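Below is one structure; the comments refer to it alone.
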Amino acid sequence: MRIRAVFAFLVVLFQGGNGAGAETSINLDLKELKSLLKSVQKLVPAGFGDEQTSKVDSAAHSMAIDQSKEFKFQVDFRGAKNSMRVQLKKDDFDAVSIWFIANPDLITEIRKAMRTYLR
């Protein structure tokens with residue numbers, strides 16, 4: 001599974017995103033998802049708290065392989081309300097891909113959190 005983490009790091013490192021919206025994604029072991037979600041939670045003071053992170057984590061654990069799911073959240077980021085979408089795809093019984101779609105500034109911060117998480 002370390003190869004996945006290295007690949008995900010490279011994807012995060014080289015992704016761009018300077019438009020009306022941006023996205024970033026990562027593929028990781030299912031057991032690591034909650035930690036990543038908590039890292040993202042620290043970036044927004046409201047709208048993506050324990051209830052929302054638990055909802056995403058629980059969904060990932062209960063999904064069938066190859067199933068996808070999307071969540072939409074209104075989050076506070078730098079004093080403004082922002083839309084943040086979280087998409088999941090269960091790749092294997094113990095692996096998940098997750099996409100975050102939001103404004104470019106928030107995505108930049110999420111990418112930083114992912115880089116820190118992967119170290």
Side-chain angles (χ1 to χ4, degrees):
M1 296 297 169
R2 280 326 253 163
I3 292 172
R4 261 190 219 159
V6 170
F7 176 74
F9 175 75
L10 293 174
V11 169
V12 170
L13 186 64
F14 292 108
Q15 280 182 323
N18 293 325
E23 69 177 65
T24 192
S25 63
I26 189 170
N27 176 277
L28 66 161
D29 291 345
L30 197 53
K31 65 183 178 187
E32 299 170 327
L33 179 60
K34 188 133 189 136
S35 294
L36 176 64
L37 294 172
K38 292 295 184 181
S39 295
V40 174
Q41 180 183 10
K42 294 175 185 174
L43 301 172
V44 291
F48 196 64
D50 290 339
E51 181 180 334
Q52 292 81 10
T53 58
S54 290
K55 184 177 180 180
V56 173
D57 186 59
S58 294
H61 280 83
S62 65
M63 290 166 52
I65 295 172
D66 289 329
Q67 184 180 0
S68 297
K69 202 165 236 185
E70 180 175 275
F71 302 88
K72 295 179 183 178
F73 303 102
Q74 286 295 348
V75 299
D76 288 338
F77 179 68
R78 296 185 179 160
K81 290 279 187 199
N82 289 273
S83 177
M84 181 176 77
R85 292 182 6 226
V86 178
Q87 296 176 342
L88 293 173
K89 181 177 181 282
K90 187 125 177 211
D91 298 318
D92 203 344
F93 73 95
D94 65 346
V96 65
S97 293
I98 184 167
W99 290 263
F100 294 92
I101 301 102
N103 80 51
D105 292 336
L106 178 52
I107 292 301
T108 296
E109 295 304 313
I110 292 172
R111 287 184 186 136
K112 288 178 189 175
M114 286 180 174
R115 284 186 201 116
T116 300
Y117 170 78
L118 289 171
R119 290 185 186 160

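Worth saying up front: this structure is predicted, and the values here are computed from it rather than measured.
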Does Gln74 form a side-chain contact (heavy atoms from CB on, under 4.5 Å) with Ser83? I'd like the steps, not just the answer.
CA-CA 5 Å; Gln74 286 295 348; Ser83 177; 4.2 Å; yes
Locate the shortest heavy-atom distance separating Pro104 from Ala22; write the atom from each residue and the value.
CA-CB, 3.9 Å
Spatial distance of atom CD (Glu23) from atom CD1 (Ile110) [nearest 0.5 Å]:
11.5 Å
How long is the span from the CD atom in Gln52 to the CE atom in Met84, to the nearest 0.5 Å?
8.5 Å
CD1 of Ile107 to NZ of Lys112: how many Å apart, nearest 0.5 Å?
13.0 Å
dist Arg111:CZ -> Ile26:CD1 (nearest 0.5 Å) comes out at 12.0 Å
May I have the step-by-step check of side-chain contact (heavy atoms from CB on, under 4.5 Å) for Lys31 and Asp94, ending in yes or no?
CA-CA 7 Å; Lys31 65 183 178 187; Asp94 65 346; over 6 Å; no
Path from Phe71 to Ile101 over hydrophobic side-chain contacts below 4.5 Å
no
Validation: residues 42-51 side-chain donor-acceptor distances under 3.5 Å, sequence neighbours left out:
from, atom 1, to, atom 2, distance (Å)
Asp50, OD1, Lys38, NZ, 2.5
Asp50, OD1, Gln41, NE2, 3.1

Could you state whether Val86 and Val40 fall into the same hydrophobic cluster, counting links through intermediate Ile, Leu, Val, Met, Phe, Trp or Tyr residues with side-chain heavy atoms under 4.5 angstrom apart?
yes
Using the salt bridge (Lys or Arg N to Asp or Glu O under 4.0 Å) criterion, which residues pair with Lys89? Sequence neighbours excluded.
Asp66, Asp91
Taking only residues at least two apart or on different chains, which pairs with a member in residues 78-108 satisfy ring pair (Phe, Tyr, Trp, His ring centres under 6.0 Å)?
none
If we ignore hydrogens and angles and just use 3.5 Å, is the side chain of Lys90 paired with the main-chain N or O of Ala64 as donor and acceptor?
no
Compute whether any side-chain donor of one residue and acceptor of the other, for Ser54 and Lys34, lie under 3.5 angstrom apart.
yes
Which atoms form the tightest heavy-atom contact between Ile98 and Leu28, and what is the distance?
CG2-CD2, 4.0 Å
Do Asn103 side-chain atoms and Asp105 backbone N/O form a donor-acceptor pair below 3.5 Å?
yes
Just wondering, do Gln87 and Lys69 contact through their side chains at under 4.5 Å, heavy atoms?
no
Identify whether Phe77 and Val56 are in the same connected component of the hydrophobic contact network (ILVMFWY, side-chain heavy atoms under 4.5 Å).
yes
When you group the ILVMFWY residues by side-chain heavy-atom contacts below 4.5 Å and let the links chain together, are Met114 and Leu33 in the same group?
yes
For a side-chain contact (heavy atoms from CB on, under 4.5 Å) check, start with the C-alpha distance between Asp92 and Leu30, then their side-chain angles and the critical distance, and finish with the verdict.
CA-CA 9 Å; Asp92 203 344; Leu30 197 53; over 6 Å; no
